[in-house]
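A short worksheet on the structure shown next.
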Amino acid sequence: MPVTSNTARQPVPRRLLDAAAPPLSPAARTAWLTALDDGWADPRRLYTEARRARALLDAAREVVAQALSLRPDEVSFTSSGTVARQLGLRGLLHGRRRAGTRLVLSHMEHSALLLTAQWHGDSELVGVDRLGRVNTEAFAAAVRRPGTAAASLQAANGEVGTRQPLAEVGQVCREAGVPLFVDLGSGLGRDHLPWAEGTAPPSSAGAPVEALPGAASVSQTPIGDVLVADARSWAGPPGVGVLAVRSAVRWRSDGPHDQAGLDRAPGEPDVPAILGAAAGLQDAEMHRTDRAERCRALIDELRAAVATIPDTEVVGDPVDRLPHVLTWSHLFVDGEALVSELDRRGFAVASGSACTSSALEPSHVLAAMGVLTQGNLRVTLPLDPVADDVRQLATQLPEVVAQVRAVLGADGL
Amino acid sequence: MTARPVVVDARGLRCPQPVIRLAAQAKGLPDGTVIDVLTTDPAAEQDVPAWCRMRSHTWLGVVPIVDRAGAATGLRLRVRLGQ
């Protein structure tokens, strides 16, 4: 039967507020398209086209290394953020197998890391407070226990935005001689890096001041011995992850050797996608300070607006957080109904509620924080945020929440 | 003597229904009343304590419901109305 009823309606403008999985940024898209023509060849072969692909790959590696203030040979590309996390953590544990087997990590880590820890076996999960920040003393105590092979702590949580106390934890790990795995997952290209002590750009009153674009000096070093990132966090292609291993770190692949592999990751590199990711990161870093400021202002506005809706819990640290992420939950509301109704009105937003996950379990992050999980919504602002999209959401949300509550018969509870 | 807990059997219902049933049952009951929510919804274990916090009730804890063979079939979440 032909569908006629819907096509006659005025199309609703789309408002994309789930930049955890965004469309490519213009910079990433242009570079990717160009590299499809120039970088299609196998970079390991020796003829002209292959050498050109190799040159593009090397250039991409240098760009990413510069953004991280690392050496190019410390940077590898993987086929996704998840693969970077799995491979990076497994290689670190394998390289340290003579020192011990225990892995210490926070409850807030990406599910790819939690599942790798579960697969590994000997791991200790450290709890977090209501804001989602790991308990530094408990983390330190776990790291100092004999037999600790490695520790893992994210720079910030991509679901709730809370930054982790990496400076303190980094110091504890260094003193204990335990390598630290740092997931830059949602922050690279959006937030400043967690810089090691004495190497950070100047800061005041605990609020880190953004480094000037391109002002990263060689003396700056990020906290962490193995660092991973996902190109999606800066609107790069979804099939590119970054795995950075500091040269002094003992990292060994625990899988079969890939004879053809160019670096730590097995398999053929997708040069066009990698180039798109690198160009996207360069662009994101160049405009980061300005965009982060605009994101922060819009998120503050949205946070204040959402908090006025009755029976709403806004979660995550309000200040020491990623500039572009906000999560909140509404009591007596079905997350799936909320996402569907907002989608009908043009909004693309994510949810960590149980009813919106394939496993029908609430987000492990919300559960670890002990906050409300029903009626959960998560906004991740795009690189270049649109103020009207955020304001429209703030305007329409009270009505949508009331509507869903009425359908569920939850009025006046 | 303590009164028996009021039981809200929300087994088989998914989020957010167990919390809605609990809130509906709690309406009009005096402070001090103990309510047990029986549930098979994994989110209820998070959301019932959160409801307690948001409504100033007291979260008493969770125990698994086991069948005769000893297998867990759900959860019993206990709250007390009021502080």
Side-chain angles (χ1 to χ4, degrees), chain A residues 107 127-132 159-160 307 309-315 327-339 351-377 401-413, chain B residues 6-31 33 35-65 72-83:
Chain A
H107 268 293
V128 299
D129 62 16
R130 178 99 359 109
L131 295 176
E159 281 187 46
V160 298
I309 300 174
D311 292 324
T312 296
E313 188 168 61
V314 186
V315 303
T327 300
W328 66 91
S329 302
H330 302 288
L331 193 60
F332 309 135
V333 171
D334 169 353
E336 190 178 6
L338 211 49
V339 169
S351 170
S353 290
C355 51
T356 63
S357 84
S358 52
L360 292 176
E361 287 198 3
S363 139
H364 74 269
V365 165
L366 300 176
M369 293 165 69
V371 296
L372 188 69
T373 73
Q374 61 188 233
N376 178 261
L377 288 177
V401 170
Q403 197 177 313
V404 174
R405 279 183 180 149
V407 169
L408 289 169
D411 287 329
L413 291 179
Chain B
V6 175
V7 174
V8 175
D9 191 346
R11 283 175 289 188
L13 298 175
R14 292 221 295 248
C15 150
Q17 283 300 339
V19 177
I20 291 177
R21 299 287 169 102
L22 165 63
Q25 182 66 256
K27 237 183 152 182
L29 289 176
D31 277 2
T33 308
I35 304 180
D36 276 1
V37 183
L38 312 184
T39 182
T40 49
D41 168 29
E45 195 180 350
Q46 302 298 326
D47 289 349
V48 169
W51 173 81
C52 288
R53 190 157 37 77
M54 294 168 85
R55 283 285 188 272
S56 300
H57 297 309
T58 308
W59 165 244
L60 295 176
V62 53
V63 287
I65 304 169
T73 60
L75 297 172
R76 178 184 296 269
L77 311 172
R78 182 163 289 183
V79 306
R80 189 179 59 235
L81 300 184
Q83 297 290 353

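This one's a predicted model, so the numbers in the text were calculated from it and none came from an experiment. We use all heavy atoms of the structure for the numbers below, so side chains are in, but hydrogens, waters and symmetry mates are not. Note on naming: letters A, B, ... go to the chains in the order of the sequence lines (proteins, then strands), and numbering restarts at 1 for each one.
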Legend entry - Rounded distance [0.5 Å steps], CG in L413(A) versus CH2 in W51(B): 9.5 Å
Legend entry - Atom pair CG/SG of D41(B) and C355(A) - distance to nearest 0.5 Å: 9.0 Å
Inset, instruction - Determine the minimum heavy-atom distance between A43(B) and A354(A), stating which atoms define it. - result: CB-CB, 3.9 Å
Per-pair distances, 0.1 Å, donor-acceptor, side chain in residues 363-372 of chain A, under 3.5 Å, sequence neighbours excluded:
unit_1  : atom_1 : unit_2  : atom_2 : d
S363(A) : OG     : E159(A) : OE1    : 2.7
S363(A) : OG     : V365(A) : N      : 3.1
S363(A) : OG     : L366(A) : N      : 3.1
H364(A) : NE2    : E109(A) : O      : 2.8

Legend entry - Residues in residues 13-22 of chain B that sit under 4.5 Å from chain A, counting heavy atoms only: R14(B), C15(B), P16(B), Q17(B), V19(B), I20(B)
Inset, instruction - Report the option among M54(B), R55(B), R53(B), E45(B) that has the most heavy-atom pairs separated by less than 4.5 Å from atoms of chain A. - result: R53(B)
Legend entry - Structural part of E313(A) lying under 4.5 Å from a heavy atom of chain B: both
